[in-house]
There are 2 protein chains.
Amino acid sequence: MQQTNIVMNKCDQCIVRQLSSLKALNKEEVIKLASSKTTYKIKKGEALFEEGEVTNGVFCVKDGVGKLSKLSANGKDQIVKLVKSGELLGQRSMISNEPANLTAKAIADMEVCFIPKTEIINFFNNNNQFSLNMMQSVCEDLKESENEKIALVQKTVKQRLAETLLHLHDEFGEDADKTLKVQLTREELAGIIGTATESCIRLLSDFNKLGLIELVGKKIMLKDVRALKKLADN
Amino acid sequence: MQQTNIVMNKCDQCIVRQLSSLKALNKEEVIKLASSKTTYKIKKGEALFEEGEVTNGVFCVKDGVGKLSKLSANGKDQIVKLVKSGELLGQRSMISNEPANLTAKAIADMEVCFIPKTEIINFFNNNNQFSLNMMQSVCEDLKESENEKIALVQKTVKQRLAETLLHLHDEFGEDADKTLKVQLTREELAGIIGTATESCIRLLSDFNKLGLIELVGKKIMLKDVRALKKLADN
DNA sequence: AAAATAACATGACAATTATCATCTTAATAA
DNA sequence: TTATTAAGATGATAATTGTCATGTTATTTT
């Protein structure tokens with residue numbers, strides 16, 4: 001009894017439990033989860049898994065920020081998605097029964113839990129709400145991916161940079177000094193908007209000169225959100 | 001009894017039943033499906049649904065070809081996906097409980113069946129294999145979308161055209177005269193690869209001159225698949 | 001602290017791609 | 001059939017973006 005409570009607390013109070021598909025799990029399922037999960041700490045720059053690897057489960061992001069990306073032939077790293085605490089990672093490969101299509105690396109030190117596939121399949125078979133949640137989460141990813149695909153073609157690099165800065169602001173918020181909380185290198189930022197690092201740097205300079213943003217060392221502060229929005233949309 | 005058989009045949013023999021997530025349905029479910037579906041014929045150019053519309057169900061594509069696209073501010077139509085017979089349409093919006101994110105139009109005369117959401121939810125709640133199939137189908141779309149997103153950034157227009165021609169050949173096959181079976185206008189082809197119509201036409205001319213393809217009127221014949229593959233990959 | 005490396009920045013230039021104009025050919029409507 | 005419109009084609013040009021070179025400023029490592 002005592003032990004059960006201890007084990008349960010581990011997962012029950014977890015932010016991932018509260019925010020992800022896992023919120024549909026009942027008490028017993030959470031207890032089961034707590035006993036089957038493994039916790040890892042991933043240092044900034046390290047990989048959770050690489051493209052082509054068989055993961056056989058999903059990762060819960062308890063803390064930190066990760067990126068899902070794919071290396072191109074010419075050595076450029078295209079970032080497909082950023083993940084933050086509360087989210088699950090590796091759902092798609094697991095469901096499709098395929099090796100990872102993308103590489104997952106930590107952008108900020110991460111704390112993650114690994115849930116083996118057998119466990120997830122169990123939940124999936126016995127808890128309809130859980131599978132509906134998971135499905136909706138994949139659908140959300142699909143919608144985002146499609147919209148980004150369209151933006152990639154229909155918008156200029158400048159527009160995409162403005163859009164991405166706003167996104168990062170919305171999703172990750174700002175530090176005490178009002179700069180963006182996610183610390184991306186210019187190269188990573190370029191990898192998100194899909195452009196050359198130099199082009200990204202140049203546009204950041206332009207935005208800075210125009211008063212849209214302010215460059216505080218390597219950090220970025222949004223100064224004129226309205227103007228950025230206007231730039232991004234039109 | 002007699003009637004049941006007639007009704008059941010309608011859906012049981014259907015290509016969509018055989019190829020899509022619906023293949024997991026059992027006899028009773030197929031009978032239920034047959035009585036709740038509605039059949040439509042959509043002429044080339046007509047829309048099944050438009051961006052922003054609430055669809056409240058999924059479409060089964062029995063025959064023809066459709067495109068999922070989004071109109072940009074500058075009037076260009078970015079094509080996100082082509083659908084052919086055997087596939088389902090509108091799954092994502094239904095699962096996410098959202099209005100359509102994209103517009104679905106017929107590229108070739110279509111015959112479709114509409115299955116109301118209530119019916120799908122029913123299958124979903126009572127048939128685990130069905131929901132797993134549906135989930136995998138969405139995952140497949142997600143993977144494709146992500147890979148196309150990457151290609152859009154990392155490849156040139158020329159590479160993307162080569163890639164798309166090969167894709168169309170693989171997916172839709174060729175007519176008796178060896179030309180591509182899907183009849184896309186140059187504008188639509190440009191909408192898939194994400195470029196200006198003129199650029200697309202120009203590159204087709206180049207490919208023609210290089211002997212990679214042959215332009216038979218408005219139709220396209222692939223002449224050197226190997227060279228096209230090489231062009232697309234590298 | 002000095003050296004080495006990585007990240008950031010900017011100029012010069014080249015390549016790619018879009019835009020606009022114009023023309024031809026094919027499809028559709030009158 | 002002729003007129004009208006849509007689709008395809010091509011040239012000229014401009015705009016955007018990428019590449020290479022080089023310099024500066026931070027960060028790490030020794």
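Protein chains get the first letters and strands the later ones, always in sequence-line order, with residue 1 at the start of each.
- A salt bridge links E98(A) with K143(B); the closest basic N to acidic carboxylate O contact falls under 4.0 Å.
- Between the NZ atom of K155(B) and the P atom of dG18(D) there is a distance of 17 Å, given to the nearest Å.
- Shown here are the side-chain contact (heavy atoms from CB on, under 4.5 Å) partners of N97(A), two or more places apart in sequence or in another chain: K117(A), Q136(B).
- To the nearest angstrom, P of dT16(C) lies 11 Å from CD of Q159(B).
- Residue pairs satisfying the salt bridge (Lys or Arg N to Asp or Glu O under 4.0 Å) criterion with at least one member in residues 179-189 of chain B, sequence neighbours excluded, are listed as follows: K67(B)-E188(B).
- No salt bridge links E146(B) with K70(A); every basic N to acidic carboxylate O contact stays at or beyond 4.0 Å.
- Of the possible polar contacts, one joining the S20(B) side chain to the V16(B) backbone as a donor-acceptor pair under 3.5 Å is found.
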Under 3.5 Å, which donor-acceptor pairs link side chains of residues 162-180 of chain A to any protein atom two or more places apart or in another chain?
unit_1	atom_1	unit_2	atom_2	d
E163(A)	OE2	K155(A)	NZ	2.8
T164(A)	OG1	R160(A)	O	2.8
H169(A)	NE2	E174(A)	OE1	2.8
D175(A)	OD2	K219(A)	NZ	2.5
D177(A)	OD1	T179(A)	N	3.3
D177(A)	OD1	T179(A)	OG1	2.7
D177(A)	OD2	T179(A)	OG1	3.4
T179(A)	OG1	K219(A)	NZ	2.9

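- Here K62(B) does not pair with E87(B) in a salt bridge; the nearest charged N to carboxylate O distance is not below 4.0 Å.
- Atoms CZ (F207(B)) and P (dA9(D)) sit 14 Å apart, rounded to a whole Å.
- In this structure, CG of L161(A) is placed 11 Å from P of dT17(D), rounded to the nearest angstrom.
- Between F114(B) and Y40(B), the ring-plane angle classifies as perpendicular under the 30° and 60° cut-offs.
- Rounded to whole Å, atom P of dT16(D) lies 12 Å from atom CG of L231(A).
- The CD atom of Q78(B) sits 11 Å away from the P atom of dA18(C) (whole-angstrom rounding).
- Proximity of K76(B) to the phosphate of dT19(C): a side-chain N or O atom is located under 4.0 Å from OP1 or OP2.
- If you measure from atom NZ of K44(B) to atom C1' of dA6(D), you get 12 Å, rounded to the nearest angstrom.
- Remark: P of dA26(D) and CD of Q183(A) are 14 Å apart, rounded to the nearest angstrom.
- At its two ends the helix from dA1(C)-dT30(D) to dA30(C)-dT1(D) runs along axes set 40° apart, each axis drawn from five pairs and the angle rounded to 10°.
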Annotated protein contacts, base or backbone, on nucleotides 6-13 of chain C with a non-hydrogen cut-off under 4.0 Å, one of B, S, - each
-SSBBBB-
Output a table of donor-acceptor pairs, distance under 3.5 Å, between side-chain atoms of residues 189-198 of chain B and any protein atom two or more places apart or on a different chain; print 'none' if there are none.
none

